[in-house]
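A short write-up of the structure that comes next.
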Amino acid sequence: MIPFALKALFANKLKTILIYLSLIFSIISIFLISSISNGIISMYSSMLKSDGDIIITQANISDTFFSNVNINLIQKINKIPDVIESSALIVGASPVEKLPIVAIYGATQNRFKNYKLELGSYPEQNEVIVGKSIYEQLNNKNEIQIANKSFKISGVFKSEIGFENGGVVLPITHAADIFNKSASMIMVNTNLNSNLKNIINEIKKLDTQIDAKSTQNFVDNYNQFKIIKTSSNVISLIAFCMGLLGITSLMSITINQRKSEFGIKRALGISTSKIVYSIMIESFILGVFSFISAFIISHIVLYFIKNASSLQGYVNGEISNELAFYIFIASIFMVIIGSIIPALNASKTDPVELIQGNKI
């Protein structure tokens, strides 16, 4: 059956190529949309998970950018049993030189160790360290200006997390003056076998204006992640529907041009189910090759996106095995459904009409 399917595909080269290209563009669209949204979520999640088992933010806020937590709570939190260490972080953004927006992180001194220096030293007063991707784009590599304040560049760090590698880190006291807040969040490290639920309850007793969650719980329920994921699913669905419509249209044209072939098969006694099955095999082969091509091209595109200096490392795609599997199933489903509708229409038409060339 497969050799006959391949023969049929090569016999209609132009239409096969058009269907193949249409499938590739649809699958690549789904790959890029899904992988980039996953990459953004993964980067921010990794940044949060790197420095704490518990995250404390202001209660009833939609985003960490709007959160304001009293940094003085750290002293009380550190006294809670099974708490090893607490650190604070201010998350903000500001233009730097020609760059329209750069992530700014105000960190307590005990968090500096998370940033692996490639050059210089950790910041003291009126100093900052900058991510490698930002440093390479600066005209002045000795000093930067943030919100009308000048800071000396004391070091350059590299991070696998794009948001950090494309950011600026400074002492939290300076960030507090710039963004007019105490801390965006407090991260708490605990002992390995500690009871997180009890520690969270103790933390919440310290201030009624805060909310404390395990890091995993925070990531799973973060509103911005839900918005990104939902938007990604909606756009992917649109790309899928557009691909399905394109495949159905092209397959209808292709099958219409092969009506004489189907008429002869019907006249020879070949059943409707076998004709439909043969077309489904052809479609399946196209779907598999289109998926493989789209998978390779998507990786190439994501590589260039990740290393594009203009994006500052903030956009990064991540194609997991699970995502690849789901997109493979969606691709095969799209091409099978797109072909089965015109195939059924052709197979049910009277063979005499098909042989004579009447329209399907």
Side-chain angles (χ1 to χ4, degrees), residues 1-2 5-6 9 16-49 160-163 215-222 224-248 250-251 276-307 311 314-341 343:
M1 185 64 73
I2 292 179
L6 291 172
L9 291 173
T16 299
I17 290 172
L18 288 175
I19 296 171
Y20 175 70
L21 292 176
S22 179
L23 272 170
I24 285 178
F25 282 118
S26 297
I27 298 170
I28 287 175
S29 299
I30 299 172
F31 258 127
L32 294 182
I33 293 165
S34 301
S35 61
I36 289 174
S37 67
N38 286 350
I40 291 172
I41 293 172
S42 177
M43 281 193 295
Y44 199 59
S45 299
S46 298
M47 187 176 72
L48 296 175
K49 291 176 180 178
E160 295 299 322
I161 302 172
F163 288 145
T215 302
Q216 189 60 54
N217 188 24
F218 179 86
V219 169
D220 291 342
N221 294 281
Y222 189 38
Q224 298 305 317
F225 291 168
K226 292 180 180 179
I227 293 171
I228 292 171
K229 198 68 178 175
T230 301
S231 301
S232 168
N233 291 338
V234 170
I235 298 172
S236 295
L237 179 61
I238 293 172
F240 175 85
C241 292
M242 291 179 66
L244 180 60
L245 181 62
I247 297 305
T248 304
L250 288 170
M251 286 299 294
V276 174
Y277 181 69
S278 66
I279 295 173
M280 290 175 63
I281 293 295
E282 295 173 21
S283 302
F284 177 80
I285 293 171
L286 267 176
V288 170
F289 280 101
S290 299
F291 172 82
I292 293 171
S293 300
F295 183 77
I296 295 170
I297 294 171
S298 296
H299 272 289
I300 295 172
V301 172
L302 290 173
Y303 172 81
F304 284 107
I305 288 175
K306 181 179 180 179
N307 293 280
L311 297 176
Y314 296 160
V315 181
N316 187 14
E318 183 178 277
I319 301 178
S320 63
N321 293 333
E322 182 181 11
L323 176 63
F325 174 76
Y326 283 131
I327 294 180
F328 174 75
I329 297 299
S331 303
I332 299 302
F333 180 78
M334 177 169 58
V335 73
I336 294 295
I337 295 299
S339 64
I340 200 170
I341 296 172

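Values reported hereafter were calculated over all heavy atoms of this structure, with side chains retained and with hydrogens, waters and symmetry mates removed.
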Could you please spell out the steps behind the side chain to side chain donor-acceptor pair (under 3.5 Å) verdict for Y326 and S34?
CA-CA 11 Å; Y326 283 131; S34 301; over 6 Å; no
Between I319 and S298, does the side-chain contact (heavy atoms from CB on, under 4.5 Å) criterion hold? Intermediate values first, please.
CA-CA 9 Å; I319 301 178; S298 296; 4.2 Å; yes
Working note: V288 + F328, criterion side-chain contact (heavy atoms from CB on, under 4.5 Å); need CA distance, chi angles, decisive distance, verdict.
CA-CA 8 Å; V288 170; F328 174 75; 4.3 Å; yes
Please determine whether side-chain contact (heavy atoms from CB on, under 4.5 Å) holds for the pair L323 and S35, giving the CA-CA distance in whole Å, both sets of side-chain angles, and the decisive distance to 0.1 Å.
CA-CA 8 Å; L323 176 63; S35 61; 4.1 Å; yes
Using side-chain contact (heavy atoms from CB on, under 4.5 Å), reason through V335 and L23 one step at a time and then give a plain yes or no.
CA-CA 8 Å; V335 73; L23 272 170; 3.7 Å; yes
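Expressed to the nearest 0.5 Å, how far OG of S283 lies from CD1 of I19 amounts to 7.0 Å. Atom CD1 of residue I336 and atom CD1 of residue I281 lie 7.5 Å apart, to the nearest 0.5 angstrom. Here the CG-CG distance, from N233 to L237, works out to 8.5 Å after rounding to the nearest 0.5 Å. For the atom pair S331 OG and L286 CG, the distance stands at 12.0 Å (nearest 0.5 Å). How far CD1 of I296 is from NE2 of H299: 9.0 Å, rounded to the nearest 0.5 Å. Between I27 atom CD1 and L32 atom CG the span is 12.0 Å, to the nearest 0.5 Å.
For the pair I24 and S293, the tightest heavy-atom approach, listed with the atom from each and the gap, is CD1-CB, 3.7 Å.
Among I327, I30, I235, the single residue meeting the side chain to side chain contact (heavy atoms under 4.5 Å, CB included) criterion with F240 is I30.
Not counting sequence neighbours, the partners of F218 by the ring-ring contact (aromatic ring centres under 6.0 Å, His included) test are Y222.
At least one donor-acceptor pair under 3.5 Å links the side chain of S26 to the backbone N or O of S22.
Below 30°, between 30° and 60°, or above 60°: for F295 and F291 the angle between ring planes is below 30°, a parallel geometry.
For OH of Y20, the number of neighbouring non-hydrogen atoms (other residues, nucleotides, ligands) closer than 6.0 Å is greater than 12.
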